[in-house]
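The next block holds one structure in the form of structure tokens; read it before the comments.
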Amino acid sequence: MYASETELAAALRRQDRKAQQWLYEQHRVPLYRMCLRYAQDEQQAEDFLHDGMLKVFSDVHQFSGKGALGGWVRRVVLNVTLQHLRRRPRVVGEDQAPELWAAPNPELDEELNKLSGSQIHRLIKALPEGYRTVFNLYYLEDLGHKEIAASLNISEGASKSQLYKARLALRKSIKKNYPTYQYRTN
């Protein structure tokens with residue numbers, strides 16, 4: 001429909017409803033899936049997506065054209081989602097030993113690699129919100145603890161602690177819900 005991202009961005013800046021609808025339809029599914037990783041339920045994910053797209057449409061003039069428009073849209077929606085999560089009170093602690101915070105966990109990785117994608121998704125979805133958010137930002141969005149801390153308005157130590165606790169909770173959940181004989185790969 002649009003010859004280039006430049007043409008699409010120009011139409012969006014003019015608040016062209018067809019361009020907005022086209023952009024929304026092109027990115028709706030992957031953005032919804034991203035929002036769902038952070039939301040408590042499907043309705044909340046839809047709210048995050050809706051609010052994020054409204055922000056995209058109101059701030060499209062800030063898109064510089066450097067990089068892909070889709071990447072910029074994804075980042076805006078993610079930031080809106082994180083803003084929603086920051087508004088909610090939660091307790092984050094720094095009570096774990098610092099040497100454990102950033103330690104790789106090959107045993108957990110090995111256990112996760114034995115599970116299907118849907119099994120992993122269910123386990124992550126069951127994590128408490130703080131653990132789930134940091135886990136997703138670290139592993140799925142590839143952010144470092146400094147970036148996570150800034151995004152969530154928490155300390156780097158709290159980010160490390162939440163990731164460590166998420167790993168522990170996942171290991172416990174794997175052992176409880178998926179005994180070795182039930183592991184499947186895909």
Side-chain angles (χ1 to χ4, degrees), residues 30-52 55 67 71-180 182-186:
L31 291 174
Y32 172 76
R33 288 181 182 150
M34 178 188 70
C35 292
L36 194 57
R37 289 196 305 254
Y38 299 96
Q40 292 177 341
D41 54 37
E42 291 175 358
Q43 181 60 49
Q44 189 177 48
E46 289 175 19
D47 291 344
F48 291 166
L49 175 60
H50 178 263
D51 292 351
K55 182 77 169 164
W72 180 82
V73 169
R74 185 178 194 288
R75 189 68 188 166
V76 170
V77 174
L78 177 61
N79 285 338
V80 167
T81 299
L82 296 177
Q83 286 172 357
H84 280 287
L85 295 176
R86 276 195 298 265
R87 290 185 200 126
R88 300 163 83 199
R90 70 179 164 273
V91 177
V92 290
E94 298 181 29
D95 57 351
Q96 301 299 325
E99 65 274 6
L100 297 176
W101 286 344
N105 196 329
E107 190 175 332
L108 175 60
D109 293 341
E110 183 179 318
E111 290 169 342
L112 286 174
N113 285 334
K114 293 178 182 178
L115 300 175
S116 70
S118 62
Q119 289 171 323
I120 293 169
H121 178 74
R122 278 192 297 274
L123 291 173
I124 293 171
K125 199 73 177 152
L127 290 171
E129 182 181 317
Y131 298 0
R132 182 178 67 241
T133 302
V134 172
F135 186 89
N136 284 333
L137 290 171
Y138 188 83
Y139 285 107
L140 302 177
E141 306 300 334
D142 202 28
L143 298 181
H145 289 292
K146 188 174 188 172
E147 295 167 299
I148 293 169
S151 294
L152 298 176
N153 200 23
I154 60 175
S155 70
E156 283 184 62
S159 174
K160 292 174 183 178
S161 176
Q162 292 290 289
L163 182 61
Y164 175 74
K165 290 175 183 179
R167 288 175 178 157
L168 287 179
L170 280 173
R171 288 192 71 213
K172 183 177 179 181
S173 187
I174 289 170
K175 289 184 186 312
K176 177 183 174 188
N177 296 304
Y178 299 105
T180 304
Q182 288 183 332
Y183 285 20
R184 294 180 299 188
T185 58
N186 66 340

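The shortest distance between side-chain heavy atoms of T133 and L82 falls below 4.5 Å. The shortest distance between side-chain heavy atoms of L85 and E129 falls below 4.5 Å. Looking at L137 and L152, their side chains come closer than 4.5 Å, going by heavy atoms from C-beta outward. Residues R37 and E141 are in side-chain contact: their nearest non-hydrogen atoms beyond the backbone lie under 4.5 Å apart. Side chains of R122 and N177 form no contact here, defined as non-hydrogen atoms less than 4.5 Å apart.
Of all heavy-atom pairs between C35 and F48, the closest is SG-CB, 3.8 Å. Here the shortest heavy-atom pairing between L31 and R74 reads CD2-CA, 3.7 Å. The minimum heavy-atom distance linking G52 with V76 is given by the pair O-CG1, 4.0 Å. In this structure, Y32 and A45 approach most closely via the heavy-atom pair CE1-CB, 3.7 Å.
Legend: residues meeting salt bridge (Lys or Arg N to Asp or Glu O under 4.0 Å) with K125, ordered by chain and number and at least two apart, are absent. Under the side-chain hydrogen bond (donor to acceptor under 3.5 Å, both in side chains) criterion, N153 pairs with no residue, sequence neighbours left out. Remark: N79 pairs with no residue by the side-chain hydrogen bond (donor to acceptor under 3.5 Å, both in side chains) rule, at least two apart or across chains.
Taking OG1 of T81 as the reference point, atom CG of N136 lies at 11.0 Å (rounded to 0.5 Å). Put simply, CD1 on I124 and CG on L170 are 6.0 Å apart, with the number rounded to the nearest 0.5 Å.
No more than 12 heavy atoms of other residues, nucleotides or ligands shown are found within 6.0 angstrom of CD on E42. The environment of CG in D142 is sparse: at most 12 heavy-atom neighbours from other residues, nucleotides or ligands sit within 6.0 Å.
No side-chain donor-acceptor contact under 3.5 Å links S173 to the backbone of A169. With Q162 contributing its side chain and S159 its backbone, the two residues share no donor-acceptor pair below 3.5 Å.
Aromatic pair Y139/F135: centroids less than 6.0 angstrom apart.
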